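A quick write-up on the structure given underneath.
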Amino acid sequence: MDLSQETIKKTLSKYKFRDVAIEELQKVYRIYPGIEPFAGTYTFSDSSQKDLLKLVGNIPVRYQGQSYNLPIQLWLLDSFPFTPPICLLRPSPNMVIRVGKHVDTHGKIHLPYLHNWDHPKSTVNGLLSEMIAKFEEDPPLSTKQSGTEKDPAELLAYVAKISGGMTDMNLHTPGRIGGVQPINKVTVVGGGDLGVACLMSILAKGCVDKLILIDISENTTAQGTMDLEIFNLPKVEVSQDLAASVGSKVVVVTANAWSNDESYVGVVQTNVDLYRGIIPSLSRFSPDGVLLIASQPVDIMTHVAWKHSGLPASHVIGTGCNLDSERLTYILSVVLMTRTASKQPWVIGERSDNKVAAWSTSVPTTDSQPEVIPGPSSTKPLTDRAIEILKGKGQRSWSVGLSVADIVQTIVHDQRKTHSVSTLAQAWGGISGEAFLSLPCELGTRGVTKISKLTLGQEDNSKLRESAVSLSNFLQQLRI
């Protein structure tokens, strides 16, 4: 490796461990003679600059039987080799970066080897070896598509699909064909506390073969996703690429965008803007899957997701009052020791203080469509007491995660179990406009298969109608 150029010598002279750095660079040259050193000025995220050395060249990657040269550059800090290089892709004008598990939108490379850097155990040659291995599993670059070629999103979906070992038959066919059973794949979008809680709860249920967590935030280290990568849970894959969700039976969306806007409308609008950017891609990657919305406010965001997904309303549901319904059942039967016989209590309506407690005439089965009726006068005092107890129960991330996992299990295994989830309530209970409210819905792999009939008292029916109108009016204030 030629280090005799004046600019390189001048820059090297400022390195704290110059001799050790030179020795490391010579080792790189022996294995990768095509990677060359250059002097340059690196600009940090705080806009400060520093004259540093960088290694520029290509690494050989084999993918689908073909060999490719991926262009990279490694910036060496002045404490190199005791600090890891800053690794970047160098895409040519006809290439696009595939944001994913190991590459961010700026082309910066993130690898476990870098996080665990410890010289002399860690070396540039070892780093490049891991880089090649990871990029052979998940290529970080793809060719730009011309206007006459396929949609790049479809190409990314195809690449993600084949790299995951799936076929077109697996992706689009719900049943068993040719003796091959499609995998039960579920994706959770959102790397915050709720997203991780949902992932861990679904994993604990043991109802999936593959579980993807897509963290769409810019700073993954501030969330729990970095720890998931470090400790490498079975069946779990962490990514920043929406294409990783391809072929999912259920896509759980927990992502919430933060806003400094002081108005409630402004805060919700930030979430709507986020959904506008991710929901169309998620539905395109999993056209036969079910979108399960857990972002807040859930009834509004489920409506927004439906509008942007292009999916049937039966395939887009929100977590709604499922947790409240399960808690109500528990409070009545265990805390208040009430025998409900064949009647099943539900919490329905808007996910707010306007929600309604109702009872079904029978425990739902796949052969019957239960009618939800107002509670008899004899049960009303107990129901009111149970609702008061319920109001004191908050909804923490882990409790919502458990509720989400219960719904996911029902859908993935086509159990046809009934849950109080947010669904399009138009034409139910006399509701004329488009509104998403929690109703007892029978769920399966095709989403909502049945919705229980609604026969409510005047007061409760008025609450549902008021909620529908209120939600509709609020939606009109948003730029959907």
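All values reported here derive from a predicted model rather than from experimental measurement.
Pairing each heavy atom of Val421 with each of Gly318, the nearest pair is CB-O, 3.2 Å. The heavy-atom pair separating Ala255 from Leu274 by the smallest distance is CB-CD2, 3.8 Å. Of all non-hydrogen atoms in Ile109 and Leu88, the two that sit nearest each other are CD1-C, 3.9 Å. Here the closest heavy-atom approach between residue Thr449 and residue Gly444 is recorded as CG2-N, 4.4 Å. A pairwise comparison of heavy atoms in Gly195 and Leu213 identifies O-CD1, 4.2 Å as the closest pair. Nearest approach of Leu194 to Gly401, heavy atoms of both residues: CD1-N, 4.4 Å.
In this structure, Asp104 contributes its side chain and Gly107 its backbone to a donor-acceptor pair below 3.5 Å. No donor-acceptor pair closer than 3.5 Å links the side chain of Ser420 to the backbone N or O of Trp346. Between the side chain of Ser403 and the main chain of Ser399, no donor-acceptor pair closer than 3.5 Å is present. Side chain of Glu130 to backbone of Tyr113: a donor-acceptor contact under 3.5 angstrom is found. Side-chain atoms of Arg465 do not come within 3.5 Å of backbone N or O of Ile431 as any donor-acceptor pair. Judged by distance alone, with hydrogens and angles left aside, the side-chain atoms of Arg90 form a donor-acceptor pair with the main-chain N or O of Ile72 at under 3.5 Å. At distances below 3.5 Å, not a single donor-acceptor pair connects side-chain atoms of His315 with backbone N or O atoms of Leu291. Between the side chain of Ser248 and the main chain of Val251, no donor-acceptor pair closer than 3.5 Å is present. Thr329 places a side-chain N or O within 3.5 Å of a backbone atom of Ser325 that can act as its donor or acceptor partner.
The shortest side-chain heavy-atom distance between Val103 and Phe135 falls under the 4.5 Å cut-off. The closest side-chain heavy-atom distance from Val188 to Ile214 is not below 4.5 Å. Under the 4.5 Å side-chain criterion, counting only non-hydrogen atoms from C-beta, Ile86 is not in contact with Leu74. Contact annotation: the side chain of Phe436 approaches that of His303 to within less than 4.5 Å [non-hydrogen atoms, C-beta and beyond]. A heavy-atom distance below 4.5 Å is found between the side chains of Pro297 and Val268. Inter-residue side-chain proximity for Gln426 and Ser432 is flagged as unmet; no heavy-atom pair is nearer than 4.5 Å. Side-chain atoms of Ile202 and Val208, non-hydrogen and from C-beta on, do get closer than 4.5 Å to each other. The shortest side-chain heavy-atom distance between Ile317 and Ile411 falls under the 4.5 Å cut-off.
For the residue pair Asp138/His102, the side-chain donor-acceptor check at 3.5 Å is not satisfied. Side chains of Glu442 and Thr418: no donor on one and acceptor on the other come within 3.5 Å. No side-chain N or O of Asn271 forms a donor-acceptor pair with one of Ser295 less than 3.5 Å apart. Ser309 and Ser283 share no donor-acceptor pair across their side chains, judged by distance under 3.5 Å alone. Neither side chain, Gln49 nor Thr41, offers a donor N or O lying under 3.5 Å from an acceptor on the other.
Separation of atoms OG1 (Thr410) and CG (Asn322) is listed at 8.0 Å; rounding is to 0.5 Å. Taking CG of Leu439 as the start and OG of Ser422 as the end, the distance is 8.0 Å to the nearest 0.5 Å. Taking CG from Asp273 and CD1 from Ile278, the interatomic distance works out to 11.5 Å, rounded to the nearest 0.5 Å. Interatomic distance, Cys321 SG to Leu437 CG, rounded to the nearest 0.5 Å: 9.0 Å. Distance CH2/Trp428 to CD1/Ile348: 13.5 Å, rounded to 0.5 Å. The distance from atom OG1 of Thr187 to atom CG of Leu292, rounded to the nearest 0.5 Å, is 12.0 Å.
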Could you go through residues 467-480 and list every donor-acceptor pair under 3.5 Å that involves a side-chain atom there, pairing it with any protein atom two or more places apart or in another chain?
{"unit_1": "Ser467", "atom_1": "OG", "unit_2": "Glu350", "atom_2": "OE1", "d": "3.0"}
{"unit_1": "Ser467", "atom_1": "OG", "unit_2": "Asn354", "atom_2": "ND2", "d": "3.2"}
{"unit_1": "Ser467", "atom_1": "OG", "unit_2": "Lys463", "atom_2": "O", "d": "3.1"}
{"unit_1": "Asn473", "atom_1": "ND2", "unit_2": "Val469", "atom_2": "O", "d": "3.3"}

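For Lys108, there are no side chain to side chain donor-acceptor pair (under 3.5 Å) partners two or more places apart in sequence or in a different chain.
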Query - Working for side chain to side chain contact (heavy atoms under 4.5 Å, CB included), residues Glu434 and Leu424 - result: CA-CA 7 Å; Glu434 288 183 354; Leu424 182 62; 4.3 Å; yes
Report task. Could you please spell out the steps behind the side chain to side chain contact (heavy atoms under 4.5 Å, CB included) verdict for Val412 and Thr445? Result -> CA-CA 6 Å; Val412 167; Thr445 53; over 6 Å; no
**Report entry** Verdict with supporting geometry, Ile212 and Ser245, side chain to side chain contact (heavy atoms under 4.5 Å, CB included)
**Finding:** CA-CA 7 Å; Ile212 309 295; Ser245 67; 5.7 Å; no
Requested in this report: For side chain to side chain contact (heavy atoms under 4.5 Å, CB included), just list the numbers for Val250 and Ile407, CA-CA rounded to whole Å, side-chain angles, deciding distance to a tenth of an Å, and then say yes or no.
Outcome: CA-CA 10 Å; Val250 184; Ile407 297 171; over 6 Å; no
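With respect to the salt-bridge test (charged N to carboxylate O, under 4.0 angstrom), the residues Lys185 and Asp209 do not qualify. Note on Asp406 versus Lys417: salt bridge recorded, some NZ/NE/NH1/NH2 to OD/OE distance being below 4.0 Å. The pair Asp288-Lys249 fails the salt-bridge criterion, with no side-chain N (NZ, NE, NH1 or NH2) lying under 4.0 Å from an Asp/Glu carboxylate O.
Identified under the ring pair (Phe, Tyr, Trp, His ring centres under 6.0 Å) test for residues 406-426, with sequence neighbours left out: none.
Other residues, nucleotides and ligands place more than 12 heavy atoms under 6.0 Å from the CH2 atom of Trp75. Heavy-atom neighbours of Met200 CE from other residues, nucleotides or ligands within 6.0 Å: at or below the threshold of 12.
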